[in-house]
There are 2 protein chains.
Amino acid sequence: MQLNRLVEFHKTMGDPTRLRILSLLSNGPLHGQAIAGKLGLTAPTITHHLKKLRDINVVFERRDKNTIYFNLNHLVVKQHSEALKQLMEGKEISMVDQSDEKQKIIANFFTKDGKLKTIPAQRKKKLMVFEHLIKGIEKGKKYEEKEINEYILQFHDDYATIRREFIINHYMYRENGIYELNPVEMWAKIEG
Amino acid sequence: MQLNRLVEFHKTMGDPTRLRILSLLSNGPLHGQAIAGKLGLTAPTITHHLKKLRDINVVFERRDKNTIYFNLNHLVVKQHSEALKQLMEGKEISMVDQSDEKQKIIANFFTKDGKLKTIPAQRKKKLMVFEHLIKGIEKGKKYEEKEINEYILQFHDDYATIRREFIINHYMYRENGIYELNPVEMWAKIEG
DNA sequence: TATCTAATTAGATTAACATCAAATCAAAGA
DNA sequence: TCTTTGATTTGATGTTAATCTAATTAGATA
């Protein structure tokens, strides 16, 4: 987890209007005007806040005709909450003041706001990146394919490819459309 | 959990300097000048940030001679992380838009930033307040007395009284100085 | 094509806030 | 009492950000 991302996350959550928007979305998708109405604010204000919420990937949108429905992405919230708790337990902020070789390689493939620039071509590096991505997935929890897609989307548009790679390299397994994290021993080995 | 408190918490966490201070404190207490030195900032700046961190009870201080050592309070961080996750799961923001009778009584005993104004004299109300306070304690986890004190301190100065009440009314039990939450069935009953 | 609807952008206003230098405060020790 | 040391307060400065109104864009439908 990068310090920057964590700061942006909390800065975004530190506003009553945005928390209320998320609270509304927790009951299901809504379109902009509905949100504006329920909160007694104007449409531009809602657009403003939704942009910030999108920036940290905690909401995403689906279009239907002229109307855009905004959806909540629970996973991203959980991931950041976890990161903060770990920071409090003395865990290092990686890829910022970390000089470790492996961390440096990984950092090269991400933008400063945490997006994956490209999927590495080299197998070894690719696996390092996947191991990093998988960190937000909880052990022992069952995920719908849709949830996995939304989770990956915060890092990269091509969620289908990456989701497939998670399976191929045994980071996760799938059963009847339900995904779950594999134990570490099963993951593809990074040689060298 | 009140919306205001959650907003203040996240606003406070949404600053790189403050996250770095907390990261430093996770390795043990430090005094102001030490923090300033490590972060390359001036003393007034550190004072400024520590005040904000104290406001949300995520740090507390102990004096030794002329020097003030700042300590991290893990529990409060965990509590707020949990509250946010629950908000995302559709749980209501209590005591804000909640009209429920019981919630109203409780709300009367707290300031808008979550401090307990007084310990209720009436037994029934007192128990309601205790049930509210205990919400940040994790089931099945063992706590040192010191941790319990620090946890209570975020609500009220007289942590000794309240800690004792927790035991008397069977919200928690103590064994060899280690505290743990009791199952709900054991708690004192609120009649009426 | 003209029109309706939902969302966004632009620009303005106002409030909050991070940081620093200089001044002040408070406890300890000489 | 005087000095030292660590922490805080004050005031200034520059920046970020929440919200609104008015104007604009972009799809959909008639």
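This structure is a prediction, so every number in the text was calculated from the model and none was measured. Convention: sequence-line order gives letters A, B, ...; per-chain numbering from 1.
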Side-chain contact check for B:Thr67: nearest option of D:dT9, D:dC20, D:dG6 is D:dG6
On the 0 to 90° scale, with breaks at 30° and 60°, tag the B:Phe166-B:Tyr171 ring pair as parallel, tilted or perpendicular. perpendicular
Before accepting this row, confirm whether a basic side-chain N of the pair B:Glu89/A:Lys78 lies closer than 4.0 Å to the acidic partner's carboxylate O. yes
Distance alone, cut at 3.5 Å: any donor-acceptor contact between the side chains of B:Tyr179 and B:Glu147? no
In whole angstroms, how far is the C1' atom of D:dA17 from the NZ atom of B:Lys11? 11 Å
Between atom CZ in B:Arg63 and atom P in D:dG6, what is the gap in whole Å? 12 Å
Side chain of B:Ile68, heavy atoms from C-beta onward: which of D:dT19, D:dA7, D:dA18 has the nearest atom to it? D:dA7
A:His31 vs A:Tyr69 aromatic rings, parallel, tilted or perpendicular, using cut-offs 30° and 60°? perpendicular
Side chains of A:Thr45 and A:Thr42: any donor to acceptor distance under 3.5 Å? yes
If you count heavy atoms of other groups shown closer than 6.0 angstrom to NZ of B:Lys38, is the number above 12? no
Contact class for B:Leu41 (heavy atom, under 4.0 Å): base, sugar-phosphate, or nothing? sugar-phosphate
Ignoring hydrogens and angles, state whether a donor on the side chain of A:Thr161 or A:Asp158 is under 3.5 Å from an acceptor on the partner side chain. yes
DNA chain D nearest-nucleotide lookup for A:Lys65 and A:His49: closer to the 5′ end is A:His49
Could you give the OH-to-C1' distance, from B:Tyr69 to D:dT5, as a whole number of Å? 13 Å
Describe the nucleic acid contact of B:His48 in one word from base, sugar-phosphate, nothing, applying a heavy-atom distance below 4.0 Å. base
Heavy-atom contact window of chain A on DNA chain C, given 5' to 3' at under 4.0 Å: C:dT5 to C:dT9
Could you tell me the separation between the CG atom of A:Leu39 and the C1' atom of D:dT19, rounded to a whole number of Å? 13 Å
Between B:Asp64 (CG) and D:dG6 (P), how many Å, whole number? 12 Å
Base of D:dG6 paired with side chain of B:Asn66 (donor-acceptor, under 3.5 Å): no
